[in-house]
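Note that these values count all heavy atoms, side chains included, but never hydrogens, waters or copies made by symmetry. What you see is a predicted model, and the numbers here were worked out from it, not measured in a lab. Read the numbers this way: they start at 1 and go in the same order the structure lists the ligands and their atoms.
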Amino acid sequence: MQAELDLESNLSAGKTKMILVSKPTDDGVSVSATIQVPFLDLQAQFAGIRAEMLSSVERVLESQHFILGSEVKALEVDVAHLVECQFAIGCASGSDALLLALMAMEIGSGDEVITTPFTFIATAGSIARVGARPVFVDINPDDLNLDPRQIEKVLTPRTRAILPVHLFGRPADMGEILEIAGASDLQVIEDAAQSIGARWKGRAVGSLGRIGCFSFFPSKNLGGAGDGGMVTTNDPVLADRLRVLRVHGSRGKYQYELVGINSRLDELQAAILRVKLPHLEKWTALRERNAERYRSIFHEFNLDGVVQLPSARPDGEHVYNQFIIRTPQRNELRDYMRRKGIGTEVYYPRPLHLQEAFAYLGYKAGDFPEAERASNEVMALPIYSELTEDQQQHVVSAIATFFEQ
Ligand SMILES: *Cc1c(COP(=O)(O)O)cnc(C)c1O
């Protein structure tokens with residue numbers, strides 16, 4: 001009997017499948033089958049902060065003030081502090097954070113923005129949405145982030161910006177990116193949606209380029225109870241434009257200075273995020289501990305070289321929004337794990353240059369071999385803070401058994 005129950009997040013088809021409940025499946029009564037490992041268990045986190053969460057929601061309901069009030073202001077101050085930026089501007093989602101960043105820089109028709117094809121759709125989607133052209137470069141297989149060595153050959157007089165993604169919680173190789181941007185007078189927009197709290201050479205991501213973009217989607221390291229996002233910058237002129245753009249381009253009531261959008265963070269989300277933010281450092285440390293624990297368990301099971309684990313890189317602190325392993329037998333392994341009651345995910349099964357939405361850009365299979373190979377080989381293991389050592393043992397022993405067969 002197929003007893004596993006996948007509850008797909010209806011918010012973002014294809015982005016994050018949260019297996020909230022899973023039960024032992026096929027082969028019955030083996031001891032290991034009683035250990036359940038959901039891919040992501042938000043209930044476990046909620047259980048620890050339930051009372052605070054409920055009272056924060058109550059506080060907002062009592063105030064009956066729902067849009068851009070004191071909760072959002074307070075969260076903006078806290079996130080600016082965390083990200084070591086002078087300004088943080090709340091908005092409706094991480095996707096809108098990217099869109100607002102490009103709008104604030106007046107990037108649009110005729111402009112080109114360099115980014116990675118191995119990312120969530122919103123990264124390149126935002127570029128296309130403002131009328132500019134996404135220009136992809138391949139990734140570095142070591143960190144799965146945009147490979148700065150590929151940038152120079154795609155620079156044109158129309159290039160306006162570089163949009164690196166700190167994918168899975170690991171900072172992109174910012175040294176060379178910032179150098180090229182400086183030399184060619186390009187803007188740098190960081191897609192830090194998956195990497196709040198990560199550091200590159202000691203500096204917080206989101207503070208390295210002109211604008212940093214964050215997401216509070218529930219599966220991110222700091223996740224709300226719905227959609228939310230934040231834009232960070234040290235530039236007062238951009239900060240001011242961002243604040244105007246998120247409220248229809250309005251500075252005063254019914255005075256429109258720019259053509260903006262409606263993209264506000266609401267008070268309920270901000271209040272909930274303010275409960276979670278003080279826990280973020282501890283939760284991130286637990287993710288890092290889990291990652292180290294995986295490394296030693298994989299080693300104990302003699303799986304070194306059988307599957308590829310995330311490489312350690314000296315310059316960047318990885319906050320492990322995802323723990324990504326690689327194997328050419330990914331699809332078979334994933335089916336096997338599913339039968340064992342272990343949740344896994346694939347981010348991302350098809351690189352953006354091969355998506356129908358971007359067919360008009362004219363790319364073809366083979367253009368970005370590393371991104372394409374990664375799409376066929378990567379698999380995310382459960383890494384959430386509350387994951388136990390027993391669960392991790394169970395995950396790795398299932399992988400070991402798969403490869404023994
Ligand atoms: C989640 C995510 C986004 C978009 O964030 P939303 O809040 O879901 O709109 C953008 N880029 C990357 C890399 C993401 O992971």
For atom 15 (O) of ligand 1, which of Gln322, Met230, Gln194 has the closest heavy atom?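 Ranked by closest heavy atom to atom 15 (O) of ligand 1, first place is Gln194.
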
What residue among Leu333, Leu303, Val378, Val396 forms side-chain contact (heavy atoms from CB on, under 4.5 Å) with Ile325?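 So, applying the side-chain contact (heavy atoms from CB on, under 4.5 Å) to Ile325 and each of Leu333, Leu303, Val378, Val396, only Leu333 qualifies.
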
May I ask you to check whether [X] has an N/O atom sitting below 3.5 Å from an N/O atom of ligand 1?
X	answer
Asp96	no
Leu98	no
Asp191	yes
Lys220	yes

Atom indices of ligand 1 within 4.0 angstrom of [X] heavy atoms, with elements:
X	answer
Gly94	4 (C), 5 (O), 6 (P), 7 (O), 9 (O)
Thr119	13 (C)
Thr123	11 (N)
Val165	13 (C)

Name all pairs fulfilling the salt bridge (Lys or Arg N to Asp or Glu O under 4.0 Å) condition that reach into residues 385-397, sequence neighbours left out, sorted by first residue then second.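 Not a single pair qualifies under salt bridge (Lys or Arg N to Asp or Glu O under 4.0 Å).
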
Below 3.5 Å, can you tabulate the donor-acceptor pairs from side chains in residues 356-364 to any protein atom, sequence neighbours excluded?
unit_1	atom_1	unit_2	atom_2	d
Tyr363	OH	Phe136	N	3.1
Lys364	NZ	Asp367	OD1	3.0

Once you measure the plane-to-plane angle for His318 and Tyr320, does it fall in the parallel (<30°), tilted (30-60°) or perpendicular (>60°) bin? parallel

Name the orientation class of the two ring planes belonging to Phe402 and Tyr336 (parallel below 30°, tilted from 30 to 60°, perpendicular beyond 60°).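 Because their plane-to-plane angle lies in the 30° to 60° range, the rings of Phe402 and Tyr336 count as tilted.
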
Between Ser93 and ligand 1, which residue portion shows a heavy-atom distance shorter than 4.0 Å: side chain, backbone, both, or neither?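 Both backbone and side chain of Ser93 come within 4.0 Å of ligand 1.
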
Are a donor atom and an acceptor atom from the side chains of Asp142 and Ser311 found within less than 3.5 Å of each other?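 No, no side-chain donor-acceptor contact under 3.5 Å.
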
Under 4.0 Å between a side-chain nitrogen and a carboxylate oxygen: does that hold for Arg210 and Asp235?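 Yes, this pair counts.
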
